[in-house]
Amino acid sequence: MLEDTDLILDGAAAPLIVHLIHRLDVGGLENGLVNLINHMPPERYRHVIVCLKDYTHFHQRIKTPGVEIISLHKREGKDWGHYLRLYRTLRRLRPALIHTRNLGSMEGQLLAAAAGIKLRVHGEHGRDMADLHGKNRKYNLLRQLLRPLIGHFIAVSGDLERWLIERIGAQPGRVTHIDNGVDSLQFHPRLGPAAAIGPPGFLCDQAFVVGAVGRMVEVKDFQSLVQAFLLLQADEGPHPRLRLLIVGDGPCRAECQAMLEQAGLAHLAWLPGARDDVAQLMRAMDLFVLPSLAEGSSNTILEAMASGLPVVATAVGGNVDLVQAGWTGTLVAPRAPRQLADAIAGYYRNAELGPRHGMRGRRQVLTEHSLLAMADAYLAVYDAMAAPRH
């Protein structure tokens, strides 16, 4: 029996979980972690977030009291000292369970084992440009070497679940697929006329706003969305009602802005950077687009569906699980601006199609992707691991 990992006894402190991540900043993985902590019963588990790098104001979204956030200030490249700092931190905290996420924090499993943490979970949330399809031999060798140390895997999409079993060699009984959840109260359909957003002159009467939200990094491929928007404007002459809104910041934002300015269409687009009013901005959109090259289980797709928006997304990763083509949205090939433009045009030209798909998407979110259902699924994994072994 693992006395330090039993569930709460009368008067005993709740078991402590360390969530080890690369950095706490705006992002889907990080948003999912914050949602999980905010919706897990506080009397069941306590939480500490350990960041290999550091954290930003994003931590203010955590509403559960008493959540400690620790930064290890890992330097770029190989910072051998951060391993010692992590080991000492784990020895000080003595958590019942550690939960690492993605490759960037997976090495922490080895330090956790050395620190005597017996319950170890690892989550896979998506991929980046360095390994779009999960086939990198060096990365997969590391995952396979660390696999015996991991008691349970969590995958946020069916695609990642299959990959963990078939390529990494995880036992099927040790892999759980848990979909992300979404706050369907914060993200809800437009209740009246669209709010006035953007700089003066951005909106017009009967504007059709094509929107996107995400980190403006290479793997999200917002350049393809801008190209699709430019193609639409060039097809039949300018479309006076068509507008483009991309919410988010990152190294690709300047490139997207430059593409629009070079085409002389920057006045029809608004790229405001990172925002805290995403829910309100989504209610000003008529169509949501996610052109990413790889995706786990997109929080922004779920937020768009909860907002009653039809979704055009690339047929990659977990997108194919979330978007039901022809029912709640449209799937297109990645890096295909022409296909993307045609899909957008289908909603732009058919005023009834978008609301119909959006209503179905909202219904899907309410039945399958609640935050409480997500939290309960994680709780079941933690409880099963912490249960006494006889």
Side-chain angles (χ1 to χ4, degrees), residues 26-42 58 60-64 123 125-126 154 156-158 176-195 197 209-214 245 247-248 274-290 292 295-313 317-325 327-331 347 353-380:
V26 177
L29 181 158
E30 297 81 0
N31 189 56
L33 172 57
V34 170
N35 282 335
L36 174 63
I37 291 174
N38 285 343
H39 289 83
M40 186 166 283
F58 190 78
Q60 295 171 356
R61 300 190 184 192
I62 299 172
K63 304 304 181 187
T64 299
H125 291 252
I154 292 174
V156 299
S157 70
T176 299
H177 170 195
I178 301 178
D179 288 315
N180 287 335
V182 63
D183 187 341
S184 57
L185 296 178
Q186 179 185 7
F187 291 89
H188 62 77
R190 185 187 305 166
L191 300 177
I197 63 165
V209 179
V210 177
V213 178
L245 167 59
V247 182
R275 302 274 296 207
D276 291 326
D277 56 347
V278 171
Q280 180 180 347
L281 292 176
M282 279 194 170
R283 286 191 285 276
M285 299 175 186
D286 296 282
L287 174 67
F288 184 83
V289 180
L290 187 69
S292 46
E295 200 68 50
S297 180
S298 169
N299 283 287
T300 56
I301 283 182
L302 291 173
E303 290 167 356
M305 292 169 68
S307 301
L309 293 174
V311 176
V312 173
N319 292 356
V320 299
D321 297 329
L322 299 181
V323 180
Q324 299 181 43
W327 186 255
T328 64
T330 303
L331 293 170
Y347 290 99
L353 183 62
R356 187 159 64 242
H357 282 186
M359 179 185 64
R360 294 168 181 162
R362 167 80 176 175
R363 193 158 56 232
Q364 178 182 328
V365 160
L366 293 177
T367 56
E368 300 177 16
H369 297 284
S370 74
L371 286 174
L372 289 178
M374 179 194 73
D376 285 347
Y378 277 91
L379 194 63

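The first residue in the sequence is number 1, and the count goes up from there.
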How about Phe288 and Thr300: do any of their side-chain heavy atoms sit closer than 4.5 Å?
yes
Check whether any side-chain heavy atom of Glu30 sits under 4.5 Å from a side-chain heavy atom of Val34, and report yes or no.
no
The reported gap from CG in Leu36 to OG1 in Thr64 (rounded to nearest 0.5 angstrom) is 9.5 Å
message: Within the 4.5 Å heavy-atom criterion, are Leu322 and Glu295 side-chain neighbours or not?
response: no
So CE of Met40 and CG of Leu379: to nearest 0.5 Å the spacing works out to 5.0 Å
Test side chain to side chain contact (heavy atoms under 4.5 Å, CB included), reference Pro310, set Arg360, Met359, His357, output is His357
In short, Asn319 meets Leu331 closest at the heavy-atom pair O-CD2, 4.2 Å
CG (Leu371) and NE2 (His39) are apart, to the nearest 0.5 Å, by 4.5 Å
One should read off an interatomic distance between Lys63 NZ and Asn38 CG, to the nearest 0.5 angstrom, of 7.5 Å
Of all heavy-atom pairs linking Ala313 and Val323, the shortest is CB-CG2, 4.3 Å
Between Asp179 (side chain only) and His369 (backbone N and O only), is there a donor and an acceptor less than 3.5 Å apart? no
Output for pair (Gln280 CD, Ser307 OG), nearest 0.5 Å, gives 11.5 Å
Here the pair of heavy atoms bringing Ala304 nearest to Val311 is CB-CG2, 4.2 Å
Output, in order, the C-alpha distance, side-chain angles, deciding distance and verdict of side chain to side chain contact (heavy atoms under 4.5 Å, CB included) for Asn31 and Glu303.
-> CA-CA 12 Å; Asn31 189 56; Glu303 290 167 356; 3.6 Å; yes
Tightest non-hydrogen contact, residues Ser184 and Ala306, listed as CA-CB, 4.4 Å
Taking Asp277 first and then Arg283, would you say they form a salt bridge - that is, a charged N and a carboxylate O separated by under 4.0 Å?
no
Correct closest heavy-atom pair for Tyr347 and Val312 would be CE1-CG2, 3.7 Å
Distance col, row Met305:CE vs Arg363:CZ, nearest 0.5 angstrom, shows 11.0 Å
Between Arg190 and Met285, the two heavy atoms sitting closest are NH2-O, 2.9 Å
_Close side-chain approach of Thr176 and Tyr378, heavy atoms under 4.5 Å_ = no
The residue among Ile197, Val213, Asp276 that forms side chain to side chain contact (heavy atoms under 4.5 Å, CB included) with Leu281 is Ile197
Item to complete: Could you tell me whether the side chain of Asp321 and the main chain of Gly158 form a donor-acceptor pair under 3.5 Å?
Response: yes
